[in-house]
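What follows is one structure encoded as structure tokens, with my remarks underneath.
Ligands are counted one by one from 1 in listed order, and the atoms in each one are counted from 1 as well. Below, each value reflects all heavy atoms present in this structure, side chains not excepted, and no hydrogens, waters or symmetry copies.
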Amino acid sequence: MVIKNSSFVKSCIKTEDLPESDLLEIAFAGRSNVGKSSLINALLGRKNLARSGSRQGMTRLINYYSVNGEIHFVDLPGYGYAKVSKSEMDLWGKVISNYLNVRPQLYLMMILVDIRHEPTDADKLLMRWTKEAGLDYIVVATKSDKVSRSESNLNAKKIAAALELPEDKKVFPVSAETKRGIPELWEEIDKFIMEEGENES
Ligand SMILES: Nc1nc2c(ncn2[C@@H]2O[C@H](COP(=O)(O)OP(=O)(O)OP(=O)(O)O)[C@@H](O)[C@H]2O)c(=O)[nH]1
Ligand SMILES: [Mg+2]
């Protein structure tokens, strides 16, 4: 997709606040600090459209961004930040699992894991919810600049195994910092956008 423009649409606290729009949406999910907001910025060629930061738990809301006025990118709240209470964690789980199931516009989930770490139980749960909701997905391994190329390939395979991905699904290593893997990821996203376009018409 050629990015002509991108803009912030709105922040939602709960699924009742989601924008009334027919635009199809692609959601970005993963642990807090994994790099969701940074990846959105990198994909859109923006510096700080989606607010990112070293302080964990930056994005506690569901943030909507419009891409060319054609699709929505949805930045979901991160989960699994060590300092949040269990009740807050449960609430996030509820918001996200609810969102996956009430949003017919949602057709593609970007599942982000840090390339340096084994997927956590929460990552596996997110994977399960995504499959159960019958959604398409792409697994992205973030912060690939933090490891060597050989480690990057090895870890991508480990992540695929831990998430029990089928043979034909590969994990996409990317770096929002160096932009490595961003063109390849766009190519993959475009396949889903085209497929969905054909289904619609
Ligand atoms: N080296 C490196 N750092 C990154 C990369 N992507 C993100 N970061 C850093 O990781 C931190 C968290 O990034 P965010 O994009 O805010 O992460 P997030 O998943 O949106 O976090 P929450 O909103 O808290 O859920 C920031 O300090 C980023 O600069 C990357 O590809 N490489
Ligand atoms: Mg964020």
Nearest non-hydrogen atom to atom 8 (N) of ligand 1 belongs to which of Arg31, Lys36, Lys143? Lys143

Taking atom CG of Leu154 as the centre, report whether more than 12 heavy atoms of other residues, nucleotides or ligands fall under 6.0 Å from it. yes

Closer than 4.0 Å to some heavy atom of Ala176 - which atoms of ligand 1 meet that? 6 (N), 30 (C), 31 (O)

Using 2.8 Å as a strict upper limit, say whether an N, O or S atom of Ser38 approaches the Mg ion (ligand 2) that closely. no

Is it the side chain (CB and beyond), the backbone, both or neither of Asp145 that lies under 4.0 Å from ligand 1, heavy atoms counted? side chain

Hey, which of Val34, Leu39, Asn33 is the one that makes side-chain contact (heavy atoms from CB on, under 4.5 Å) with Lys36? Val34

Is the positively charged end of Lys170 above the ring of Phe172, judged by distance under 6.0 angstrom from the centroid and angle within 45° of the axis? yes

With a cut-off of 4.0 Å, which atoms of ligand 1 are near a heavy atom of Ser175? 31 (O)

Evaluate side-chain contact (heavy atoms from CB on, under 4.5 Å) for Ile189 paired with Met1, printing each intermediate quantity in order. CA-CA 9 Å; Ile189 295 172; Met1 175 170 228; over 6 Å; no

List ligand 1 atoms under 4.0 Å from Gly78, heavy atoms only on the residue side. 25 (O)

Measure from NZ or CZ of Lys94 to the centre of the six-membered ring of Tyr99, then state whether that distance is under 6.0 Å and the direction lies within 45° of the axis. no

Considering the heavy atoms of Glu177, write down every atom of ligand 1 situated less than 4.0 Å from one of them. 1 (N), 2 (C), 3 (N), 30 (C), 31 (O), 32 (N)

Judging by distance only, is a nitrogen or oxygen of Arg51 under 3.5 angstrom from one on ligand 1? no

Output yes when the distance from some N or O of ligand 1 to some N or O of Asn33 is under 3.5 Å, and no in every other case. yes

Measuring centre to centre across the rings, with the benzene-like ring taken for any Trp, is Phe73 within less than 6.0 Å of Phe28? yes

May I ask you to check whether Gly35 has an N/O atom sitting below 3.5 Å from an N/O atom of ligand 1? yes

With a 4.5 Å cut-off on side-chain heavy atoms, are Tyr64 and Asp75 touching? no

Considering the heavy atoms of Ser38, write down every atom of ligand 1 situated less than 4.0 Å from one of them. 6 (N), 7 (C), 13 (O), 14 (P), 15 (O), 28 (C)

Between Leu49 and Ser6, does a side-chain contact (heavy atoms from CB on, under 4.5 Å) hold up when you go through it step by step? CA-CA 8 Å; Leu49 177 67; Ser6 53; 3.8 Å; yes

Is the shortest distance from a heavy atom of Thr142 to ligand 1 less than 4.0 Å? no

